[in-house]
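Everything on this sheet refers to the single structure shown next.
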Amino acid sequence: IPDVAAGLWPVIASDKAGNEVTVVDALTVTPTITLTPDHALTASPITVTGSGWPAGTVNLYIGGVFGDFWAAVTADSNGKISQIVNMDPGASPGTWQVAAIGGTAGIDEVVAAAYFTVDPRVLIMTPLQGPIGTKVVVTGNDFSADSNIVFYWVEPLSNPPWGMATTDSNGVIEPTTLYIPAQSGS
């Protein structure tokens with residue numbers, strides 16, 4: 001199927017003698033939408049690609065066609081989409097249907113869908129209890145890659161940092177040892 005906008009397209013067959021046959025409504029082009037990656041944290045950049053759209057605005061909704069508006073992307077004159085948008089910062093962790101709606105309602109409106117998983121940010125501490133001075137191992141994932149992570153005991157504004165770690169290139173906090181501080185009982 002050639003790169004064309006959504007809709008019905010006639011197919012014309014001809015020979016070298018000039019004989020032609022047109023088959024009307026022979027080819028229906030339907031739109032596609034792809035989200036890359038297909039999972040990430042909220043506010044992460046997502047590449048939206050697709051084809052077969054009417055030229056113009058294509059609206060994206062999280063939660064299906066009756067879901068919450070997420071972003072608008074643009075289909076070119078060949079019906080192609082290729083645009084980067086940030087995942088909705090208010091999206092809850094879980095798998096969501098993302099509906100794309102393009103065209104004009106009642107005229108050439110078309111819909112396609114893809115699924116996207118909003119990842120939870122994970123921080124694991126072991127053990128979860130103990131007296132002052134207890135060794136606690138902290139690990140985590142889905143943080144920004146190659147970032148400094150600061151751990152606070154209770155509230156950042158009223159206490160000094162509890163400890164620090166650095167994430168790897170995949171946003172993983174390798175096992176980091178901290179100790180329950182003396183001020184933990186206050």
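Reckoned from all heavy atoms, side chains included, excluding hydrogens, waters and symmetry mates.
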Identify whether [X] and [Y] are in the same connected component of the hydrophobic contact network (ILVMFWY, side-chain heavy atoms under 4.5 Å).
X: F143; Y: L41; result: no
X: I62; Y: F66; result: no
X: M125; Y: L178; result: yes
X: Y61; Y: M87; result: no
X: L35; Y: V85; result: yes

Nearest 0.5 Å please: distance from the [atom1] atom of [X] over to the [atom2] atom of [Y].
X: T42; Y: N86; atom1: OG1; atom2: CG; answer: 10.0 Å
X: D68; Y: D88; atom1: CG; atom2: CG; answer: 7.5 Å
X: N148; Y: T166; atom1: CG; atom2: OG1; answer: 4.5 Å
X: K80; Y: S51; atom1: NZ; atom2: OG; answer: 7.0 Å
X: W53; Y: D76; atom1: CH2; atom2: CG; answer: 13.0 Å
X: I149; Y: M164; atom1: CD1; atom2: CE; answer: 9.0 Å

Quick one, I101 with E109, criterion side chain to side chain contact (heavy atoms under 4.5 Å, CB included). Give me CA distance, side-chain angles, the key distance, then yes/no.
CA-CA 7 Å; I101 303 174; E109 183 177 63; 3.4 Å; yes
Looking at I84, V58, T57, N59, which one forms a side-chain contact (heavy atoms from CB on, under 4.5 Å) with V73?
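The single option meeting the side-chain contact (heavy atoms from CB on, under 4.5 Å) with V73 is V58.
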Nearest atoms (heavy-atom pairs only) where [X] meets [Y]:
X: D119; Y: H39; answer: OD2-ND1, 2.7 Å
X: K135; Y: V137; answer: CE-CG2, 4.1 Å
X: P54; Y: G103; answer: CG-CA, 3.9 Å
X: V136; Y: I180; answer: CG2-CG1, 3.8 Å
X: T176; Y: A165; answer: OG1-CB, 3.5 Å
X: P45; Y: P37; answer: O-CD, 4.1 Å

State, without any angle test, whether S169 and D146 hold a side-chain donor-acceptor pair at a distance under 3.5 Å.
no
State whether a side-chain donor-acceptor pair under 3.5 Å links T36 with T47.
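T36 vs T47: no donor-acceptor pair found between side chains.
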One pair to check against side chain to side chain contact (heavy atoms under 4.5 Å, CB included): I173 and N141. What are the steps and the verdict?
CA-CA 6 Å; I173 300 172; N141 65 4; over 6 Å; no
Kindly say whether S147 contributes a backbone atom to a donor-acceptor pair with the side chain of T167 at under 3.5 angstrom?
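Pair found, side chain donor or acceptor close to backbone of S147.
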side-chain hydrogen bond (donor to acceptor under 3.5 Å, both in side chains) between T49 and S82, worked out
CA-CA 4 Å; T49 57; S82 183; over 6 Å; no
Any idea how W70 and F116 line up, ring-wise: parallel (<30°), tilted (30 to 60°), or perpendicular (>60°)?
tilted
Does W162 CH2 have over 12 foreign heavy atoms under 6.0 Å away?
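Yes - once you tally the heavy atoms of other residues, nucleotides and ligands closer than 6.0 Å, there are more than 12.
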Please check if atom OH in Y115 has more than 12 non-hydrogen atoms from other residues, nucleotides or ligands closer than 6.0 Å.
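No - once you tally the heavy atoms of other residues, nucleotides and ligands closer than 6.0 Å, there are 12 at most.
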Could you tell me whether the side chain of T139 reaches within less than 4.5 Å of the side chain of V172, counting heavy atoms only?
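Counting from C-beta outward, V172 and T139 never come under 4.5 Å.
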Could you walk me through whether W96 and V118 satisfy the side chain to side chain contact (heavy atoms under 4.5 Å, CB included) test, starting with their C-alpha distance in whole Å, then the side-chain angles of each, then the deciding distance to 0.1 Å, before giving a yes or no?
CA-CA 8 Å; W96 295 91; V118 176; 3.9 Å; yes
Carefully, step by step, assess V48 and I33 under the rule side chain to side chain contact (heavy atoms under 4.5 Å, CB included).
CA-CA 7 Å; V48 180; I33 188 105; 3.4 Å; yes
